[in-house]
Amino acid sequence: MGEVAVIGLGGMGRAIARNLVRAGHETVVWNRSAGPAEELAQAGAHRVASVAEALQCPVVFSVLSDDASVAEVFLDSGVLGQARQATVHVNVATVSVGLARRAAEAHVAHGIGYVAAPVFGRVSVAEAGSLNVLAAGEPELIDRVQPFFDVIGSRTWRLGELPEQANIAKILGNYLIACAIQSLGEAVSVASAAGTDPGRFVELLASTLFPGPVYSGYGSMIAQRTYQPAGFTAALGRKDLHLALDAAAGQAVPLPFGELLRDVFDRTIADGHAADDWAVIAEQQPR
């Protein structure tokens, strides 16, 4: 059937699948809507009509949007019981700790390996094959899929043998990005009100105190007040914030800034900005 399958062909999934094809891997693809799968078929992938068909590949990557999608496609559909060839499923989605545990248990019950491998990097980074892969699961399973990680990413971070350990790292990383966006929005607002050029101010910060893509990339969006096209939407940002709050509650650790951000995200989305880049929360000052 194929060497590796990619299930879920949004912007990130398409980039991952395309890089696997370009690297010479026999790649099978599936997506709910036909367009992205057909686009990749024209690039050399093999399109299949169902998830069950994709699970005839020995290695399966899934790049779905949230807990509900992963549960619907893999856990509630009965499809794992039809997986005759799949030996390891790599879940790239940012999912909750609870879903990660449930998924790991379900895969063990069906004799299928399970690796959590959420990533840091926007779609443009994925297209360049330069993602940071956060991997957790049995070491021998990660070893088995490492050649694919080497295609899609610049570095693989092995974070433990429990899949949930990769998911909590990704959730908290995204939480810190949201915190940075909020603080950037506040600082840029004050600087602008005082007559400082916001673009120059952001350039200063990103070149001195806070080098890196978060302050330079999101800072530029905030300074220019430009939130389209969205690399990561406010709706997805709110989802990941709630995952962080839930994870913290599970450990009995308070996240007071997270509670503030919950209100900021909720009002941002209520104002009609769900599809804008999540940097748009900088426009919504906390009450």
Side-chain angles (χ1 to χ4, degrees), residues 1-66 68-95 103 107 110 112-133 135 141 144-154 156 229-233 236 275:
M1 166 60 77
E3 184 181 6
V4 58
V6 179
I7 293 173
L9 302 173
M12 187 68 69
R14 285 199 303 276
I16 287 172
R18 190 177 296 276
N19 283 337
L20 291 170
V21 170
R22 287 173 176 166
H25 293 291
E26 187 179 354
T27 306
V28 166
V29 294
W30 179 87
N31 194 61
R32 281 192 179 93
S33 57
E38 181 57 36
E39 173 189 326
L40 283 159
Q42 293 175 7
H46 176 62
R47 177 185 172 191
V48 294
S50 68
V51 174
E53 287 184 77
L55 286 172
Q56 302 312 305
C57 292
V59 175
V60 176
F61 278 67
S62 65
V63 195
L64 303 173
S65 59
D66 53 24
S69 297
V70 174
E72 177 187 348
V73 171
F74 288 100
L75 307 182
D76 300 331
S77 64
V79 74
L80 292 180
Q82 305 171 42
R84 300 289 179 255
Q85 303 297 323
T87 58
V88 57
H89 171 201
V90 179
N91 185 359
V92 181
T94 301
V95 299
H107 283 73
H110 289 90
I112 302 170
Y114 181 75
V115 172
V119 298
F120 283 144
R122 294 164 76 92
V123 171
S124 59
V125 177
E127 290 171 344
S130 298
L131 294 167
N132 275 275
V133 180
L141 293 177
R144 192 179 308 172
V145 298
Q146 187 62 55
F148 303 112
F149 289 160
D150 291 341
V151 170
I152 71 173
S154 59
T156 299
F232 189 75
T233 66
L236 289 174

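Computation of the quantities below employed the complete heavy-atom set of this structure, encompassing side-chain atoms and omitting hydrogens, waters and symmetry-equivalent molecules.
Summarising the geometry of L141 relative to Y114, their closest heavy-atom pair is CD1-N, 3.7 Å, with the distance given to 0.1 Å. Minimum heavy-atom separation, A49 to W30: O-NE1, 3.5 Å. Residues T156 and A135 come closest through the heavy atom pair CG2-CB, 3.9 Å. The shortest non-hydrogen separation linking A275 to T233 is O-CG2, 3.8 Å.
Under the 3.5 Å distance criterion, the side-chain polar atoms of S33 are left unmatched by any main-chain donor or acceptor of G35. Here the side chain of H25 pairs no donor or acceptor atom with the backbone of V21 at under 3.5 angstrom. Judged by distance alone, with hydrogens and angles left aside, the side-chain atoms of N132 form no donor-acceptor pair with the main-chain N or O of S154 at under 3.5 Å.
The structure places NE2 of H110 at 9.5 Å from CD of Q82, a figure rounded to the nearest 0.5 Å. Going from atom SG of C57 over to atom CD1 of I7 covers 8.5 Å, rounded to the nearest 0.5 Å. Atom CG of D66 sits about 8.0 Å away from atom CG of L236, to the nearest 0.5 Å. Residue S130 holds its OG atom at 11.0 Å from CD1 of I152, rounded to the nearest 0.5 Å. Taking OG1 of T94 as the reference point, atom CG of L64 lies at 11.5 Å (rounded to 0.5 Å).
Side-chain atoms of V6 and V63, non-hydrogen and from C-beta on, do get closer than 4.5 Å to each other. Contact of the I112 side chain with the L80 side chain is registered, since non-hydrogen atoms from C-beta on lie closer than 4.5 Å. By the 4.5 Å heavy-atom criterion applied to side chains, L20 and F148 are counted as neighbours. Side-chain contact between V92 and V119: present, with at least one pair of heavy atoms (C-beta onward) separated by less than 4.5 Å. Counting heavy atoms from C-beta on, the side chains of V48 and V29 never come closer than 4.5 Å.
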Scan the side chains in residues 9-17 for donor-acceptor partners under 3.5 Å anywhere in the protein, sequence neighbours excluded, and list what turns up.
{"from": "R14", "atom 1": "NH1", "to": "L9", "atom 2": "O", "distance (Å)": "3.0"}

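No hydrogens or angles considered: nothing links the side chains of T27 and H46 as a donor-acceptor pair under 3.5 Å.
Screening E53, E38, E39 for a side chain to side chain donor-acceptor pair (under 3.5 Å) with R47, the sole residue that qualifies is E38.
A salt bridge is defined here as a Lys NZ or Arg NE, NH1 or NH2 lying under 4.0 Å from an Asp or Glu carboxylate O, and R18 with E127 fails to meet this definition.
Applying the salt bridge (charged side-chain N to carboxylate O under 4.0 Å, His left out) test to pairs two or more places apart or on separate chains, those with a residue in residues 27-37 are R32-E72.
F74 and H107 have tilted rings, their planes meeting at an angle from 30° to 60° on a 0 to 90° scale.
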**Message:** Using side-chain contact (heavy atoms from CB on, under 4.5 Å), reason through V60 and V88 one step at a time and then give a plain yes or no.
**Reply:** CA-CA 6 Å; V60 176; V88 57; over 6 Å; no
**Verdict with supporting geometry, V133 and F120, side-chain contact (heavy atoms from CB on, under 4.5 Å)** = CA-CA 7 Å; V133 180; F120 283 144; over 6 Å; no
